[in-house]
Amino acid sequence: MSEPSLYHVSKEWKRTHRCGEVRKNDVNTDVTLAGWVKKVREFGELTFVDLWDRTGMVQLVFDSQDSELNSLAKSLKAEDVIACKGRIRNRPSDMINRDMKTGEVEIYIGSFVIFNRSKVPPFVVSDKGKANEDLRLKYRYLDLRRDSMQKNLRLRHDIAMTVRFFLSKHGFLEIETPMLVKRTPEGARDYLVPSRLQAGKFYALPQSPQLYKQMLMVSGVDRYFQLARCMRDEDLRADRQPEHTQIDIEMSFISEDDIIDLSEKLMKKIFSEVCGVELDIPFPRISYKTAMADFGTDKPDIGIGLEIHDCTDIFRATGFRAFSSIIAEGGVVRGISYEDGYGLSKSQIKKLEKTAREKGAKGLVWLKVDGGVNSPIEAFLSDDEIAGLKREFGLDEGQKSLILLVAGNFEISTAVLGAIRKSVVISKTQDKNNEYHFVWVNKFPLFFESGEGGMEPAHHIFSIPLEEDLELLDKNPLKVRGHLYDLVCNGVELGSGSIRVHNRKLQERLLSLIGIDRQNAGEKFGFLLEAFEYGAPPHGGIALGLDRLAMIMGGGDSIREYIAFPKTQNAVSLMDGAPSRVEEEVLRELHIRISKKETEK
RNA sequence: GGGGUCGUAGUUCAGCUGGUUAGAACGCCGGCCUGUCACGCCGGAGGUCGCGAGUUCGAGUCUCGUCGGCCCCGCCA
């Protein structure tokens, strides 16, 4: 026994048990344990030390028999790393700690070594000690030592292992695809990697392995999966990091139903194995059109009611000018009935109005209905109109509710109500756990209108149109729907996929619709198009967000809690300081010069 | 690019319409204690109020700018 440092884990100090694993039936065995000191409690000649490792905590006891041992024990501090030898013994019956797995026993210590002393940590390394996220990120290695974070790491591992086992059993091969790839023009901004050997050229980090997994299908791999890192240089959110992990799946000779079926079974397996929740499959499926009309979003939380209703017909003959003029111009009046919102104060309703305006509404009309009605536009409303609203929303006589109405064109009024619904849903679902409302959203349009009057792919340009919409491709491409499907859970987009194009002509046609002509297509996707000419099987797949899945299963609010080393909203790693400047010399080798303006910052 | 919010002791926070000595709890340091496990008791140290300007007799508090964390819009599957 002496002051720390150069001890290594020799045979002598090799541990025989883990801290959280000593139990009553091990009593009287001699053990060697190692771990982190969490707490020292002194009582004169008696000292207790809580020793922790990933498996749990156990109490060590030192007493006066050996005063040197005891005084060294008293010098122990939180987060010191030690190994110790002792005998497991029962605690006195009235001293059993029911809150600890190991609380029936304790280790009577004969000797110990200190591998390393810890400075006083910047925050208390325990779930009981609060710490702000920036501090936690800077000292992530301490943060991860907390039980809640260890639990999150374990959760993620369990999901990953279940995925690997399940897919492997179903005939899928796990295949790695390159991290240094060719930049593709569509989609998110790329992270670029300069090439040293090819002056002036760049690799991109993959936004997803999309093209590679399609090539693997052409290769006859038949069933592929990968836990793939995907990099996107876009702004961050609670559920968006610059790098995230997808459970990436691709299959040959299958239909949309096959992929949905497999995904459902995978989800069921994961929830069952990892957290003992039995999901009901199949999940409901709704079309994109229905999702937008009824929920105002393509990732609806379907578990909490609040569907958007069309109330235009109720107000056809209204005396309320704001509505009548919009209806006359071909607009609509849409609304939701928010029963829990009846008690909202004026200022809380004001906040909803603000949300509405942010999303482009001219205003938000609200009515509190019960036996009567209370609304700023009460004077303009007829009894028929009020009765009509109650009928539309299925409200019984005297039933209380807050009805919110938005008038305008269909898209805006629906989007506004969707946004309001989302802000309301968050507070509604916060106190619920273990409730998972899965839904498939499918039949997405293949294209959306882009800002400049052109078109851009809704998902990506490799998805196949629905058979019945093929003829619209020439006449009205915006009306063409595709074999595209998103998996949504509690309002979070967990994954999306599609059946792919496997025919060169069709692929070229789709590319030309978004302004990529033949020559251009050859430069950018030539290898894909060429591959399609050498026997490409029909194929399709899906990619499920591992980080988001972990977040939902863990009940968290941010995927950062489920990523070992995440970045801040400014895409900075507070722990290691990435990104950073690099030496001039390094840049020169990469044929890069930073403009002066940026250097001065 | 834009909106919101936060920044005070090592940590988490309080600090009113500006007012003279900036507090609490936990942590830390010293002492006492043989059954604690959120131990208890006694004592102590610890502050560039994010940073920079401005208003004022006087700024933690008000104004502007700036930096950083978080939430959101845009953006992004």
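Lettering follows sequence order; numbering is per chain, from 1. Note that the coordinates shown come from a computational prediction; the quantities given were computed from them, not determined experimentally.
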Exercise. Under 4.5 Å between any side-chain heavy atoms of A:Phe438 and A:Asn490, yes or no?
Worked result: no

Exercise. Does the base of B:U36 carry an N or O that pairs as donor and acceptor with the side chain of A:Gln59 under 3.5 Å?
Worked result: yes

Problem set entry | Proximity to the side chain of A:Lys128 - top-ranked nucleotide from B:A77, B:A38, B:G69 | B:A38

For this session: Assign A:Leu135 to base, sugar-phosphate, or nothing according to its heavy-atom contacts below 4.0 angstrom with the strands shown.
Result: sugar-phosphate

For this session: Give A:Arg41 one of three labels, base, sugar-phosphate or nothing, depending on what nucleic acid heavy atoms sit under 4.0 Å from its own.
Result: base

Exercise. Rounding to the closest angstrom, what is the interatomic distance between B:U20 and B:G60 at atom P?
Worked result: 10 Å

Exercise. Between A:Val439 and A:Phe283, is any pair of side-chain heavy atoms under 4.5 Å apart?
Worked result: no

For this session: Using a 4.0 Å heavy-atom cut-off across all strands, classify A:Gly103 as base, sugar-phosphate, or nothing.
Result: nothing

For this session: Please work out if A:Met57 contacts a base, only the sugar-phosphate, or nothing of the nucleic acid, heavy-atom cut-off 4.0 Å.
Result: nothing

Problem set entry | Pair A:Glu104 + A:Arg91: basic N to acidic O under 4.0 Å | no

Scan the side chains in residues 411-419 of chain A for donor-acceptor partners under 3.5 Å anywhere in the protein, sequence neighbours excluded, and list what turns up.
unit_1: A:Ser413; atom_1: OG; unit_2: A:Asn409; atom_2: O; d: 2.9
unit_1: A:Ser413; atom_1: OG; unit_2: A:Phe410; atom_2: O; d: 3.2
unit_1: A:Thr414; atom_1: OG1; unit_2: A:Arg334; atom_2: NH1; d: 3.2
unit_1: A:Thr414; atom_1: OG1; unit_2: A:Phe410; atom_2: O; d: 2.7

Exercise. With a non-hydrogen cut-off below 4.0 angstrom, is A:Pro92 in contact with a base, only sugar-phosphate, or nothing?
Worked result: base

Exercise. Rounding to the closest angstrom, what is the interatomic distance between B:G15 and B:C72 at atom C1'?
Worked result: 30 Å

For this session: Indicate yes or no: does A:Glu493 engage A:Lys299 in a salt bridge with an N to O separation below 4.0 Å.
Result: no

For this session: Side-chain contact test, heavy atoms from C-beta onward, threshold under 4.5 Å: evaluate it for A:Arg548 versus A:Cys489 and give yes or no.
Result: no

Exercise. So does A:Lys77 pair up with A:Asp80, basic N to acidic O under 4.0 Å?
Worked result: no

Exercise. Separation of A:Phe62 atom CZ from B:C37 atom P, in whole Å?
Worked result: 18 Å

Exercise. Within the modelled atom types, does a donor on one side and an acceptor on the other bring the side chain of A:Arg136 and the base of B:U11 under 3.5 Å apart?
Worked result: no

Exercise. Under a 4.0 Å N-O cut-off, is there an ion pair linking A:Asp50 with A:Lys39?
Worked result: no

Exercise. Atom OH of A:Tyr108 to atom P of B:G35: distance rounded to whole Å?
Worked result: 15 Å

Exercise. Quick one: on RNA chain B, does A:Phe448 or A:Ser558 contact a more 5' nucleotide (nearest heavy atom)?
Worked result: A:Ser558

Problem set entry | Distance, P atom - from B:C67 to B:U21, rounded to whole angstrom | 34 Å

Exercise. Could you state the CD-P distance from A:Glu234 to B:C73, rounded to the nearest angstrom?
Worked result: 14 Å

Problem set entry | A:Glu79 bridged to A:Lys119 by N-O distance under 4.0 Å | no

Exercise. Can A:Asp235 and A:Arg240 be counted as an ion pair, charged N to O under 4.0 angstrom?
Worked result: no

Exercise. How would you label the contact of A:Ala458 with the nucleic acid (heavy atoms, under 4.0 Å): base, sugar-phosphate, or nothing?
Worked result: base

Problem set entry | Contacting residues from residues 459-466 of chain A, given that a heavy atom lies under 4.0 angstrom of RNA chain B | A:His459

For this session: Answer yes or no for this row: A:Phe43 ring on B:C33 base, centroids under 5.5 Å, planes under 30°.
Result: no

Problem set entry | Rounded P spacing from B:C49 to B:C41 in Å | 33 Å

Exercise. Mind checking the C1' distance from B:G47 to B:U56? Whole angstroms is fine.
Worked result: 24 Å

For this session: Mind checking A:Glu106 for me? I need base, sugar-phosphate or nothing, with any heavy atom below 4.0 Å counting as a touch.
Result: base

Seminar exercise, completed: In whole angstroms, the gap separating C1' of B:A77 from CD1 of A:Ile247 amounts to 15 Å

Seminar exercise, completed: Against the side chain of A:Glu45, the closest entry in B:G1, B:G69, B:U34 is B:U34

Exercise. What nucleic acid atoms does A:Asp298 come within less than 4.0 Å of, heavy atoms only: base, sugar-phosphate, or nothing?
Worked result: base

Problem set entry | Touch class at under 4.0 angstrom, heavy-atom based, for A:Ala78 against every strand present | nothing

Seminar exercise, completed: Taking for A:Ala131 and for A:Asp50 the nucleotide of RNA chain B with the nearest heavy atom, the one nearer the 5' end belongs to A:Ala131

Seminar exercise, completed: Here the distance between atom C1' of B:G69 and atom NZ of A:Lys130, to the nearest Å, is 17 Å

Problem set entry | Phosphate OP1/OP2 of B:G69: any A:Asn570 side-chain N/O under 4.0 Å | yes

Seminar exercise, completed: Taken to the nearest whole Å, CZ/A:Arg117 to P/B:C28 is 14 Å

Problem set entry | Any A:Arg237 side-chain N or O less than 4.0 Å from OP1/OP2 of B:C75 | no

Problem set entry | Integer-rounded Å distance: B:C13 C1' and A:Phe123 CZ | 17 Å

Exercise. Quick one: is B:C71 close enough that its OP1 or OP2 comes under 4.0 Å of any side-chain N or O from A:Arg560?
Worked result: yes

Exercise. So does A:Lys39 get a side-chain nitrogen or oxygen closer than 4.0 Å to the phosphate oxygens (OP1/OP2) of B:G27?
Worked result: yes

Problem set entry | Aromatic plane relationship, A:Tyr288 with A:Phe448 - under 30° parallel, 30 to 60° tilted, over 60° perpendicular | tilted

Exercise. Within a strict 4.5 Å, meaning less than it, do heavy atoms of the A:Ile514 and A:Pro457 side chains meet?
Worked result: yes

Problem set entry | N or O in side chain of A:Lys119 less than 4.0 angstrom from B:G27 OP1/OP2 | no

Exercise. Taking both distances under 3.5 Å as the test for a Watson-Crick or G-U pair, what stems of at least three pairs does RNA chain B have?
Worked result: B:1-7 with B:67-73, B:10-13 with B:23-26, B:28-32 with B:40-44, B:50-54 with B:62-66

Problem set entry | A:Thr568 side chain near B:G69 phosphate (N/O to OP1/OP2, under 4.0 Å) | yes

Problem set entry | Nearest-angstrom distance, P atom, B:U5 to B:C64 | 12 Å

For this session: Return no unless some side-chain N or O of A:Asn97 is found under 4.0 Å from OP1 or OP2 of B:G35.
Result: no

For this session: Output yes when at least one side-chain N/O atom of A:Gln569 is less than 4.0 Å from OP1 or OP2 of B:C71, else no.
Result: yes

Exercise. For atom P, what is the distance between B:G27 and B:C42, given to the nearest Å?
Worked result: 15 Å

For this session: Please state the P separation for the pair B:A45 and B:G30 - nearest whole angstrom.
Result: 15 Å

For this session: Measure from CG on A:Asp143 to P on B:U12 and round the result to the nearest Å.
Result: 12 Å

Problem set entry | Residues A:Glu21 and A:Lys101 bridged, charged N to O under 4.0 Å | no

